[in-house]
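Worksheet for the structure shown next.
Numbers for residues simply follow the sequence, beginning at 1. Numbering of ligands and ligand atoms starts at 1, following listing order.
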Amino acid sequence: MEFRLIDRIRERTALAREDVRLGIGDDAAVLAVPPGQHLAVAIDTLVEGVHFPHGTSPRDIGWKALAVNLSDLAAMGATPAWALLALTLPRADPAYVDDLAEGFAQLAREHGVALVGGDTTHGPLCLSVAVHGFVPPGQALDRGGARVGDVVFVTGSLGGAAGGLRLVQGKVPFDPADESHRALRTRLDRPTPRVRTGMALRGHANACIDVSDGLLADLGHVCAASGVGAELDLDALPLSPALRGVFGNAAARELALSGGDDYELCFTVAPASVGAMHAALAEVGGHATRIGLITEGHGVRAIGGAPLAGARSGWDHFHP
Ligand code: ADP
Ligand code: MG
């Protein structure tokens with residue numbers, strides 16, 4: 001394909017890893033999986049106007065395309081290593097590609113991820129990123145391990161990205177001079193994958209998922225996979241001051257329950273392991289808030305209340 005564009009991407013994302021025996025430039029990359037490790041792999045696609053608003057800066061798009069994938073590895077407790085980037089571009093604009101690659105590289109450097117290959121084609125703006133990471137055998141944090149009595153936690157804060165999207169959509173007009181508005185836009189455009197927290201949760205969490213479709217939907221997936229229910233303490237949901245300030249408490253809570261794109265980790269821990277979990281997170285500068293309990297039954301409820309996962313929980317691309 002467009003070799004000069006590929007060269008620009010390669011230059012901007014260059015990162016030496018001993019396990020990359022052959023990177024960008026040949027027919028396929030050749031990679032050495034460390035002995036005794038299992039490979040965790042994931043892929044996610046970002047389409048302009050669907051997964052990020054028209055007008056999002058190329059740096060933010062490049063960042064987010066990698067971030068949503070690293071979030072999937074984080075949710076498995078995997079250590080990220082390599083990425084592939086399939087890039088579809090409406091035009092061969094070198095400055096635009098430089099910015100995309102720079103945004104991608106910024107986050108890749110932070111986590112030591114090498115871009116080892118990809119594909120570049122012409123069409124409507126779209127990025128597919130595949131990531132590969134390592135996890136010790138038997139230690140992946142899957143969705144199916146939650147047990148009755150486990151405590152439910154979530155990292156960071158919820159609803160901020162959905163709040164940012166509302167500002168972009170003009171329901172409350174975006175004011176670039178407003179610090180809270182800018183903070184919510186950043187939550188939407190530059191999600192922080194909880195990579196180190198995910199790795200620190202190995203051996204502590206019974207089940208884990210990243211919150212990409214909204215807390216109700218994603219905790220609902222954990223419940224379904226584990227054959228359990230969950231009850232949430234709605235007063236305990238971590239809401240950022242910016243979200244509460246701009247939308248008020250009631251709407252902020254609604255966004256935290258049903259809004260997507262936060263890329264926090266939601267996980268369950270046996271009561272006896274809660275202390276050790278907090279200590280392990282503190283070692284990597286992580287933090288999690290207790291938001292509920294795993295119960296018998298199925299579905300997600302408010303404490304003492306009716307099922308929360310009603311008609312609308314999370315985003316379904318085919319039934320928006
Ligand atoms: P092929 O025809 O063998 O698929 P390409 O011209 O598609 O070769 O790609 C040439 C090299 O550049 C390959 O090593 C490929 O992995 C890499 N590459 C292509 N596009 C990208 C991209 N967007 N990001 C990273 N590497 C890329
Ligand atoms: Mg190709």
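At least one donor-acceptor pair under 3.5 Å links the side chain of Arg187 to the backbone N or O of Ser157.
Between Gly25 and ligand 1, an N or O atom pair is found at a separation short of 3.5 Å. The shortest N/O to N/O separation between Gly118 and ligand 1 falls below 3.5 Å. Below 3.5 Å of separation, one finds no N or O of Ile6 facing any N or O of ligand 1.
In the vicinity of Leu115, heavy-atom distances shorter than 4.0 Å reach the ligand 1 atoms 24 (N), 25 (C). Taking every non-hydrogen atom of Ile9 and a distance limit under 4.0 Å, the qualifying atoms of ligand 1 come out as 23 (N), 24 (N). Taking a cut-off of under 4.0 Å to the non-hydrogen atoms of Thr120, the atoms of ligand 1 that pass are 19 (C), 20 (N), 21 (C), 22 (C), 23 (N). Each of the atoms 13 (C), 14 (O) of ligand 1 lies under 4.0 Å from some heavy atom of Asp26. Close contacts between ligand 1 and Asp27 involve ligand atoms 3 (O) [criterion: under 4.0 Å to a heavy atom].
Of the N and O atoms on the side chains of Thr295 and Arg301, at least one donor lies less than 3.5 Å from an acceptor on the other residue.
Relative orientation of the Trp82 and Phe134 rings is perpendicular, given thresholds of 30° and 60° on the angle between their planes.
Screening Ile303, Leu215, Leu293 against Leu232 for a side chain to side chain contact (heavy atoms under 4.5 Å, CB included) leaves a single residue, Leu215.
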Exercise answer: donor-acceptor pairs, residues 165-172 side-chain atoms, under 3.5 Å, sequence neighbours excluded:
{"unit_1": "Gln169", "atom_1": "OE1", "unit_2": "Lys171", "atom_2": "NZ", "d": "3.2"}

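Heavy atoms of Asp119 found under 4.0 angstrom from ligand 1 belong to the backbone as well as the side chain.
At least one side-chain heavy atom of Leu243 sits under 4.5 Å from a side-chain heavy atom of Leu184.
Within the structure, the side-chain hydrogen bond (donor to acceptor under 3.5 Å, both in side chains) test picks out the following pairs touching residues 142-151 (sequence neighbours left out): Asp150-Asn206, Asp150-Thr268.
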